4 protein chains.
Amino acid sequence: MTDQSRPGRKRSEQSRLAILAATLELVAESGYGALTIEGIAARSGVGKQTIYRWWPSKADVLLDALATKADLQIPIPDQGSFRADLARFLDSTFELGGKSPVADTLRALMAQAQIDPEFGHRFRADFLLRRRDALGTLVDRAGERGELPAGVPPGTVLDVVFGTLWYRLLATREPVDRGLAGELVTLLADHGASTAEIR
Amino acid sequence: MTDQSRPGRKRSEQSRLAILAATLELVAESGYGALTIEGIAARSGVGKQTIYRWWPSKADVLLDALATKADLQIPIPDQGSFRADLARFLDSTFELGGKSPVADTLRALMAQAQIDPEFGHRFRADFLLRRRDALGTLVDRAGERGELPAGVPPGTVLDVVFGTLWYRLLATREPVDRGLAGELVTLLADHGASTAEIR
Amino acid sequence: MTDQSRPGRKRSEQSRLAILAATLELVAESGYGALTIEGIAARSGVGKQTIYRWWPSKADVLLDALATKADLQIPIPDQGSFRADLARFLDSTFELGGKSPVADTLRALMAQAQIDPEFGHRFRADFLLRRRDALGTLVDRAGERGELPAGVPPGTVLDVVFGTLWYRLLATREPVDRGLAGELVTLLADHGASTAEIR
Amino acid sequence: MTDQSRPGRKRSEQSRLAILAATLELVAESGYGALTIEGIAARSGVGKQTIYRWWPSKADVLLDALATKADLQIPIPDQGSFRADLARFLDSTFELGGKSPVADTLRALMAQAQIDPEFGHRFRADFLLRRRDALGTLVDRAGERGELPAGVPPGTVLDVVFGTLWYRLLATREPVDRGLAGELVTLLADHGASTAEIR
DNA sequence: AACTAAACGAGACGGTACGTCGTGTCTTTCG
DNA sequence: CGAAAGACACGACGTACCGTCTCGTTTAGTT
């Protein structure tokens with residue numbers, strides 16, 4: 001398969017982990033703006049070439065570090081109602097991504113994705129789209145059940161949810177927490193329900 | 001005040017405009033990632049010091065260039081209903097910021113605001129908050145009239161609107177156009193109305 | 001003795017020759033300054049370790065290549081007179097070392113001998129001294145016959161001969177040919193003879 | 001002329017001297033093989049660019065350092081006889097170039113001239129040819145007076161002198177001193193004279 | 001009109017990081 | 001166990017920009 005046994009020394013898992021750990025440390029200490037390949041190599045006791053061999057940019061290292069450290073798996077709940085499913089999804093998403101170390105990293109990655117187009121493609125495909133698809137499953141189910149707000153396509157519902165989340169991260173820096181989750185649920189999932197009740 | 005007549009040569013408006021023009025040209029040609037103070041100085045035929053004298057960073061130059069070229073003024077409509085006001089606000093906002101040269105610049109500035117904290121403060125205060133406050137006026141009026149969705153504070157309405165806009169710019173790269181405007185109006189302004197009508 | 005049958009795979013003569021051939025090719029194509037162990041290994045289809053195992057430096061590889069390709073044996077003539085012996089020695093020496101591919105290599109080796117002291121020792125002992133000793137035999141014989149210029153010790157005669165040769169190679173880049181050979185013979189071997197004739 | 005006043009900051013003489021001094025120190029401490037631009041910059045407290053701006057290679061820096069520190073001017077004696085002039089020329093030449101710090105540097109430069117063809121041209125034109133021309137003046141004068149060995153063109157006399165000097169420096173590492181000077185005078189300048197006296 | 005003060009272009013400066021190349025070593029698989 | 005393949009830590013390369021600092025020049029007030 002991909003793991004075919006070739007001649008030559010194998011990739012050092014020890015170096016890989018040292019690089020990812022050093023990257024997170026450095027970002028935590030001095031911020032993404034001060035992150036350099038040179039610095040990662042020095043901190044992790046690794047040659048620069050070893051980094052360039054396996055990652056195309058420092059942002060990719062950071063994305064890998066984030067994915068390796070924080071398990072970014074997204075549970076896709078199925079509790080019968082969009083209201084409940086969305087609430088649970090937002091709670092676990094905000095729990096993971098709303099707090100300082102992870103939130104800071106996400107901000108930096110989204111920023112770098114704007115500045116470096118090649119990384120932008122990778123970030124969208126490997127990270128943003130995955131999470132979007134996870135929520136997309138919930139929203140599609142809700143659509144089939146008629147639980148979505150009228151006149152708003154499913155894709156736009158996704159944009160509203162993730163947009164609000166990212167806007168708080170990037171622009172207002174207000175907390176991304178249960179309060180916001182509740183308000184989004186109210187906006188997107190309660191209306192249909194209450195309308196139904198009215199009928 | 002600031003315009004006090006001091007001895008010495010005055011700031012050269014010609015240089016200022018050359019710098020701003022060169023900045024926009026360079027971003028359009030090669031993207032923000034390739035923008036350098038060195039390059040701006042060379043393109044505009046100006047000494048580097050002249051740039052450092054008047055702007056704290058290249059992102060500030062770009063923000064200035066954007067503000068000088070594109071009039072970023074936001075009309076604050078008042079047509080009696082939130083539905084109409086929001087629609088008009090979104091139309092003029094998307095008209096301005098949804099198209100390529102301006103949208104690219106906004107992306108870059110939002111990115112830089114994440115990476116350079118000092119610029120981040122200025123960008124939020126000088127750009128993001130101004131636009132937020134403009135919409136805030138509409139939303140506050142709507143709130144007094146009871147036109148907002150129940151259970152969603154005004155601030156969150158703002159987050160939803162701008163969040164969705166920015167998310168499309170930054171993450172999905174789907175068009176930010178009248179279609180999206182209509183959907184947001186439906187989501188945020190129709191519900192209360194129809195509810196009111198039902199009653 | 002050295003050829004004793006030891007356990008393990010034997011040194012590959014094929015690899016050895018491929019390395020030496022690749023070395024000469026690369027020097028001919030791009031000059032000694034561009035010669036690298038990495039390049040030799042790539043060109044010859046050999047692992048770097050195989051080179052490091054058998055030669056202490058790239059200059060040693062080149063010296064080996066030169067010795068293997070061009071037979072650097074020096075005939076030591078004995079025709080009864082210093083004049084005739086020196087002439088023949090110089091002719092065969094210049095024939096071999098005065099022309100482009102060999103001369104270029106000799107220049108590079110002499111250069112490297114200055115920069116890398118360890119190779120310098122080997123180069124002097126294995127190459128320079130051998131040739132010097134060959135001529136030394138002739139000069140010693142001439143000394144016993146009283147054919148050397150008065151007041152010039154045998155060692156200095158050697159320095160004059162090889163010095164002039166090397167100086168043309170290294171500094172003036174003028175041809176090292178029969179003309180020069182004749183002039184050296186005149187300078188070093190004719191004087192005593194003509195003086196003898198005058199008496 | 002060349003000193004035309006151009007706009008912009010002037011070259012820093014302080015940096016120039018610090019670079020040249022650091023270069024000589026480093027060569028003296030660890031040898032030319034360990035000399036790096038990086039090291040010179042670090043030792044002299046200068047940016048690397050400042051070195052690259054003014055010298056094309058580290059060998060050029062070293063040549064400049066040698067020329068600036070040791071006055072390499074060559075007095076051209078004129079005492080009426082080749083014998084006396086040559087003796088004086090060799091004495092002052094050997095005095096300057098035969099001793100350790102200068103001799104080591106000369107070895108390195110001659111070596112680098114073989115490996116880097118571009119530096120080779122400069123070294124020959126700026127250093128070797130100058131010294132050769134100085135002695136050439138003496139030899140030409142001697143030629144007009146009939147003081148040169150018969151059958152040996154003036155250019156070859158120069159090759160013999162400098163060749164012997166360089167050969168001792170590069171190959172045998174025997175001292176380059178008054179003894180050698182005397183022997184060269186005997187070989188090249190006594191013969192004609194004594195022959196003349198005999199007649 | 002002379003003087004002072006600031007902005008200007010040009011460009012050298014000390015730095016930092018870049019991404020690449022080559023070194024010599026080590027590890028793995030194959031013959 | 002030699003030899004290919006190739007990953008590794010290391011160090012230097014030469015370049016690009018950074019932000020600062022002279023320079024000599026130009027342009028305004030202020031004496």
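Chain identifiers are assigned alphabetically (A, B, ...) following the order of the sequence lines, protein sequences preceding nucleic acid strands; residue numbering begins at 1 within each chain. What you see is a predicted model, and the numbers here were worked out from it, not measured in a lab. All values below come from the heavy atoms of this structure, side chains included, with hydrogens, waters and symmetry mates left out.
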So, do C/Glu118 and C/Ser57 sit near enough that their side-chain heavy atoms are less than 4.5 Å apart? no
Would you indicate whether the side-chain heavy atoms of D/Ile115 and C/Ile115 approach each other to under 4.5 Å? yes
Could you give the CD1-to-P distance, from C/Ile51 to E/dC26, as a whole number of Å? 18 Å
Rounded to whole Å, CD of B/Gln14 lies from P of F/dA28 at a distance of 12 Å
If you compare every side-chain N and O of B/Lys10 against the phosphate oxygens of F/dG29 (OP1, OP2), does one of them come in below 4.0 Å? yes
Taking the nucleotide of DNA chain E with the nearest heavy atom to each, does A/Gly39 or B/Ser44 sit closer to the 5' end? B/Ser44
Starting at atom CG of B/Asp60, determine the distance to atom C1' of F/dC18, rounded to an integer number of angstrom. 16 Å
Between B/Thr68 (side chain only) and B/Asp64 (backbone N and O only), is there a donor and an acceptor less than 3.5 Å apart? yes
In whole Å, what is the span from the CD atom of B/Glu38 to the P atom of F/dT15? 15 Å
According to a strict under-4.0 Å criterion, is C/Trp54 in side-chain N/O contact with OP1 or OP2 of F/dG2? no
Has B/Trp55 got a side-chain N or O lying under 4.0 Å from the OP1 or OP2 atom of F/dG19? no
Counting heavy atoms from C-beta on, name the nucleotide in E/dC8, F/dA4, E/dC18 closest to the side chain of B/Arg11. E/dC8
Measure from CG on C/Leu26 to P on E/dC21 and round the result to the nearest Å. 16 Å
Heavy-atom nearest nucleotide on DNA chain E taken for B/Glu13 and for D/Arg16; more 5' hit belongs to B/Glu13
With a 3.5 Å cut-off and just heavy-atom distances, do the side chain of D/Lys48 and the base of F/dG14 make a donor-acceptor pair? yes
E/dT29, OP1 or OP2 - any side-chain N/O from A/Arg6 closer than 4.0 Å? no
Check whether D/Lys48 reaches the backbone of D/Ala41 with its side chain - one donor and one acceptor, N or O, closer than 3.5 Å. no
For A/Val46 and for A/Pro7, find the nucleotide of DNA chain F with the closest heavy atom, then tell me which residue's nucleotide is more 5'. A/Pro7
Could one point to a donor on the side chain of D/Arg9 or the base of E/dC13 with an acceptor on the other under 3.5 Å away? no
Please determine, for the side chain of C/Gln49, which listed nucleotide (E/dT29, E/dC26, F/dT15) has the closest atom? E/dC26
Is the phosphate of E/dG14, meaning OP1 or OP2, less than 4.0 Å from a side-chain N or O of D/Thr50? yes
Roughly how many Å is it from CD1 in A/Ile40 to P in E/dT16, rounded to a whole number? 18 Å
Short side-chain to backbone donor-acceptor contact, A/Gln114 and B/Leu170, under 3.5 Å: yes
Strictly below 4.0 Å, N to O, side chains only: are C/Glu29 and C/Arg43 in salt-bridge contact? yes
Nucleotide nearest D/Ile37 (side chain, heavy atoms from C-beta), chosen from F/dA3, E/dC18, F/dC13: F/dC13
When you check the phosphate oxygens OP1 and OP2 of F/dA4, does a side-chain N or O of C/Ser15 lie under 4.0 Å from one of them? yes
Options E/dG19, F/dA9, F/dC17, nucleotide nearest the side-chain atoms of A/Tyr52: E/dG19
Measuring to OP1 and OP2 of F/dC8, would you say a side-chain N or O of A/Arg53 lies under 4.0 angstrom away? yes
Mapping D/Lys58 and B/Lys58 to their closest nucleotides on DNA chain F, which lands nearer the 5' end? D/Lys58
